[in-house]
Protein chains: 2
Amino acid sequence: MVTLAEVARRAEVTAATVSNVLRNPQKVKPATVERVMAAIRELGYRPNLTARALAQGRASTLALMLSNVTNPFYPEFVLAAEREARKRGYFLLVCNTDDDPAIARAYLHQIAGTLAAGVIVMNTDLAEQELTEIAQGGAAVVLCLWEHAQASRTLPCVTVDFAAAGALAAAHLSELRHRKIGALVGEGSGGPQSVRLRGFAEALAARGHAEKSLTVATSHDSIESGYEAAKALLLAKPALTALFATNDLMAIGAMQAAADMGRQVPHDLSIVGLTDIQLARQFRPALTTVRFPTAHIAARSVALTLEMVEGTAPAQALYQVRAPELVVRESTGPAPSRRRG
Amino acid sequence: MVTLAEVARRAEVTAATVSNVLRNPQKVKPATVERVMAAIRELGYRPNLTARALAQGRASTLALMLSNVTNPFYPEFVLAAEREARKRGYFLLVCNTDDDPAIARAYLHQIAGTLAAGVIVMNTDLAEQELTEIAQGGAAVVLCLWEHAQASRTLPCVTVDFAAAGALAAAHLSELRHRKIGALVGEGSGGPQSVRLRGFAEALAARGHAEKSLTVATSHDSIESGYEAAKALLLAKPALTALFATNDLMAIGAMQAAADMGRQVPHDLSIVGLTDIQLARQFRPALTTVRFPTAHIAARSVALTLEMVEGTAPAQALYQVRAPELVVRESTGPAPSRRRG
DNA sequence: TTGAAAGCGCTAACAG
DNA sequence: CTGTTAGCGCTTTCAA
């Protein structure tokens, strides 16, 4: 392995100068820069990022803690996060916690502040208290997409307006004249997706829908679970003409349940999801959903984390990025008229 | 940040002893171990992995270079890789190259051997020559799932028998009496998936199928592209009764194309994919496919890389893990009889 | 069983 | 503009 010192020797300067050539070239005489660059090239020198991190007291690495990359929401997020990190000279450590607080804790304690200069924590079951301690230990900690009722007051948080997202779905179904609506509420990491439901329910109420016209069921955040929940719900309440799911996976499961029960989507039953994962447009019928600005959130989270790492972050706590927006595709349509039954 | 030295002071020993307590406790008197552990606990000490890496000359980090996590094959792979790494005390850096050799190269040069002790390189457009140089620079480099004709002779490679996978698909369709078959060959990172096709074609030939009974078309490795390719193919050759796609995404696209063309799967048209990504069983009709032992490959790749990092790897070059296996689901059925046309 | 000392490769004042 | 010096926090011989 070629070191700075070897380059220095070859270029007949000291290590400090080589370091300067690499990091503040304007502080070095052009001729010297040339000579050093030549040496670097000839020797094939590559800076040792570990040594640099130790000397600087700051790693060039960021950690992303999420429950499980296998949830189709995450790959898009990870991609965008990694791109933003790379653009700024950082690398991305991906940490799956499997919704296990013990794993999350272990990760945090091992790498926050040492291996990773900052940590982006997606919705998790970890107590905020613990995260705050980690943050005091010197690592930049940014919360991302937390839907907890008790959203943080001490840690910065990048998120979207979950309630508004739910409201968009409600407005859409209401305009299509649906009056008997079912809702599937997901239980993801960090608790139920209840803010989305609340936004949905309140928007419905605001539009004059009776409270009992909405039937709520819970489900896990997966296609399989959405399938079961939707099936049960439709069996119990056959009169429902529309279903709102607090995430796309469940909505897709619901579409399959509808198909298996002989109900045509959207003719007999409309379905709206939330998030707009890739799958939403790839499935048939393509899913109407409320889009989260996923890539944007990811990039913003990374940017904020790095600003904190580098001490240039503004003293703001809540970052609400772009509003969610409705994406109408094929899974929603007008409520079936009563006549034709 | 609490350092070793502070712990040492508090426990009234030297840093060397604290270090030993952490890494070779059996070399330290039990009473001292106790005292040191107490100090660690009281102070909330957490080892600095960056410093450790520098001192040891070995990072506790592994890099996984892949084209794009957004391809549904990868999340499952990443998850398994990360679990294996974590189990062994390592962390996973995820690097998206976007099929851009320049990005791949930049990553490699920046982190291989310094930030990351080892690198797992999935199919890429990088010349093997370059990877070999990196490996000589001191990083463990492991190739994973390379399908190149020119598979490496100098770098270890974890892979599956691509030809056998194709052959399984062929045997299945042949047994279902399909005689006019179309094949969609993907163009993923690192070139066409031609070994899979070759295995498929040869198995067909071995079963007495005429060479011209197989029609081949190419496509990119995505649902959208598979859709287009399948549509064109079915339009050009309406007599085809079965389609083989060299990966599941294309197969799913093909299913949608068939649906849009009014062809019932599997009644009018059988479709077989390859890899068995999650989506394969979530789509309707569920896709018949040839399963790759994805998690197993991932774990093996990580294990091998770490063995190389730690110098305990056997001197073997090619690791073929478990055979692929056919998974029959709903997208394949007997060839339609001519009578009923 | 423990300590002293050197050093991993780099950065960051500060001096000249 | 360049060199000197002193670490960053940890590991690792080698002595004691």
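Proteins get letters first, then strands, A, B, ... in listed order; numbering begins at 1 in each.
- Nearest-nucleotide positions on DNA chain C place B:K27 closer to the 5' end than the other of B:K27 and A:L22.
- For A:A16, counting side-chain heavy atoms from C-beta on, the closest listed nucleotide (C:dA12, D:dG9, C:dT2) is C:dA12.
- In this structure, the CG atom of A:L54 is 11 Å from the P atom of C:dT11, given to the nearest Å.
- Aromatic pair A:F292/A:F77: centroids not less than 6.0 angstrom apart.
- Atom P of nucleotide D:dC8 and atom CZ of B:R52 are separated by 18 Å, given to the nearest angstrom.
- Remark: the A:Q110 side chain and the A:R105 side chain contain no N/O donor-acceptor pair separated by less than 3.5 Å.
- Distance B:R58 CZ to D:dT12 C1': 14 Å, rounded to the nearest Å.
- Nucleic acid contact for B:T50: none, since no nucleic acid atom lies under 4.0 Å from a heavy atom of the residue.
- The nearest whole Å value for the distance from the CZ atom in B:R23 to the C1' atom in D:dC10 is 9 Å.
- At a threshold of 4.0 angstrom between heavy atoms, the contacts of B:T14 include nucleobase atoms, whether or not backbone atoms are also involved.
- Comparing C:dA4, C:dT2, D:dC1 against the side chain of A:P30 picks out D:dC1 as the nearest.
- With rounding to whole Å, A:Q56 atom CD is found 18 Å from D:dG7 atom P.
- Taking atom CZ of A:R9 as the reference point, atom P of D:dG3 lies 14 Å away to the nearest angstrom.
- Closest approach to the B:V13 side chain among C:dC10, C:dT2, C:dG3 is made by C:dG3 (side chain taken as heavy atoms from C-beta onward).
- B:E84 has a carboxylate O that lies under 4.0 Å from a charged side-chain N of B:K87, or vice versa, which qualifies the two as a salt bridge.
- What separates CZ of B:R35 from C1' of C:dG3 is a distance of 13 Å, to the nearest Å.
- Counting to the nearest Å, the C1' atom of D:dC8 and the CG atom of A:L49 are 16 Å from each other.
- Under the 3.5 Å distance criterion, with hydrogens and angles disregarded, a donor-acceptor pair is assigned to the side chains of B:E128 and B:T154.
- Nearest-nucleotide mapping onto DNA chain C: of B:T17 and A:M1, the residue sitting toward the 5' end is B:T17.
- Looking at B:E6 and B:R10, no side-chain N of the basic residue comes within less than 4.0 Å of a carboxylate O on the acidic one, giving no salt bridge.
- Among the nucleotides D:dG7, D:dT2, D:dG9, the one closest to any side-chain atom of B:A55 is D:dG9.
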